[in-house]
Amino acid sequence: MPELPEVETIRCDLEKVLVGKKILGVETDAEKLFSPSFKEVLKGVAGQTIKAVGRQAKLLYFSLSNSQYLLVHLKMTGRLLVREKGTPCDEWQHATFVLEGGKELRFADLRLFGYLKLVDSTQKLGEVLGEYGPEPLKDMSLEDFRSAVKGRRKPIKLMLMDQAVISGVGNIYANEALFEAGIDPRRQAASLTDKETSLLFAGIEKVLTEGLHYRGTTANDDKYVDAYGKKGQYQEHLRVYGREGLPCPKCQGKIQRIALGGRGTFFCPACQQ
DNA sequence: TTCGTCCTGGTA
DNA sequence: TACCAGGACGAA
């Protein structure tokens with residue numbers, strides 16, 4: 001699923017191709033994806049030029065020449081693809097932005113959980129982005145992380161996935177970071193020692209950086225692809241995620257899968273205490 | 001703070 | 001044919 005490294009990979013791809021392009025029109029067979037409504041989004045974007053492609057955590061946004069913004073969240077199975085006009089439809093394609101110069105930006109989503117939302121001012125964009133906590137690799141220091149962990153009683157893995165506390169980390173990278181730090185995902189956040197907190201913060205930075213380097217993770221039934229439809233490569237380097245029953249890369253013991261907060265959680269019971 | 005909900009393709 | 005995955009949000 002698209003998390004920080006995947007969304008950033010897509011953002012970079014899109015930035016290269018889309019900045020300076022004018023949106024001629026939008027087509028869809030799923031108006032419910034659009035907020036506040038398809039008609040309003042169409043009115044807001046048609047005829048506008050894309051000035052920049054931004055990202056905060058897992059949310060992408062396009063800055064338009066009329067000072068409005070189109071926000072796109074891919075949730076779990078959303079894709080943004082750049083294609084030449086007239087090429088065959090993509091799997092699960094539900095919206096098409098027709099661009100000047102013969103290209104199209106396509107939104108595809110198997111589960112239709114994603115959304116495309118128009119906000120009409122920089123202030124409103126700020127309000128939406130303000131819901132997110134700081135991002136590792138960008139605006140979160142070890143000290144910030146320490147104070148976030150302090151006093152939180154929920155399991156550390158759920159805290160890592162709480163976008164209001166630390167943004168951009170999802171299920172895959174939370175599992176991997178906890179393995180790197182040797183911490184049991186069920187541990188209460190507040191129970192971590194200073195040393196463990198440092199190890200975990202370093203682990204988060206490590207796995208996100210690796211994920212970016214390999215252009216994201218396309219694991220098992222994962223639907224993530226970049227803006228050209230290509231899979232990521234980080235799944236070749238995962239230590240625990242999706243590896244139930246396989247040997248732990250550190251101790252050769254079996255990776256275990258449990259549910260935590262209703263989400264699949266993978267860890268090595270021997271290495272993660 | 002936890003739980004149900006949104007949704008569909010794939011699997012048991 | 002029933003069930004499961006799962007990010008984020010609203011409801012309990």
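When reading the values below, keep in mind they use all heavy atoms of this one structure, side chains included, and skip hydrogens, waters and symmetry mates. Letters A, B, ... mirror the listed sequences (proteins, then strands); counts begin at 1.
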Check this for me: does any side-chain nitrogen of one of [X] and [Y] sit under 4.0 Å from a carboxylate oxygen of the other?
X: A/K124; Y: A/E127; value: no
X: A/D162; Y: A/K154; value: yes
X: A/R83; Y: A/D90; value: yes

Using a cut-off of 4.0 Å on non-hydrogen atoms, how would the nucleic acid contact of [X] be classed: base, sugar-phosphate, or nothing?
X: A/G114; answer: nothing
X: A/M1; answer: sugar-phosphate
X: A/D109; answer: nothing

Measure [atom1]/[X] against [atom2]/[N] and give the value in whole Å, please.
X: A/D162; N: C/dA8; atom1: CG; atom2: P; value: 10 Å
X: A/L110; N: B/dC7; atom1: CG; atom2: C1'; value: 8 Å
X: A/Y224; N: C/dA5; atom1: OH; atom2: P; value: 24 Å
X: A/L59; N: C/dC9; atom1: CG; atom2: P; value: 9 Å
X: A/K58; N: C/dC9; atom1: NZ; atom2: C1'; value: 13 Å
X: A/Q163; N: C/dC9; atom1: CD; atom2: C1'; value: 12 Å
X: A/H94; N: B/dG9; atom1: NE2; atom2: P; value: 8 Å

Does OP1 or OP2 of [N] have a side-chain N or O of [X] closer than 4.0 Å?
X: A/K223; N: C/dA5; result: no
X: A/H73; N: C/dA8; result: yes
X: A/R263; N: B/dC3; result: no
X: A/Y241; N: C/dG6; result: yes

Practice problem: Starting from the C-alpha separation in whole Å, work towards a yes-or-no answer on ring pair (Phe, Tyr, Trp, His ring centres under 6.0 Å) for A/Y214 and A/H237. | Solution: CA-CA 9 Å; A/Y214 289 103; A/H237 306 273; 3.9 Å; yes
Quiz prompt | Audit row: A/H73, A/F113, side chain to side chain contact (heavy atoms under 4.5 Å, CB included) steps and yes/no | solution = CA-CA 9 Å; A/H73 202 304; A/F113 282 5; over 6 Å; no
Practice problem: Could you check A/L112 against A/L158 and say which one's nearest nucleotide on DNA chain B is further toward the 5' end? | Solution: A/L158
Quiz item: Quick one: which of C/dG6, B/dG9, C/dA8 gets closest to the side chain of A/K75?
Solution: C/dA8
Exercise. Could you check whether A/F113 and the base of C/dG7 form a stacked pair, meaning centres closer than 5.5 Å and planes differing by less than 30°?
Key: yes
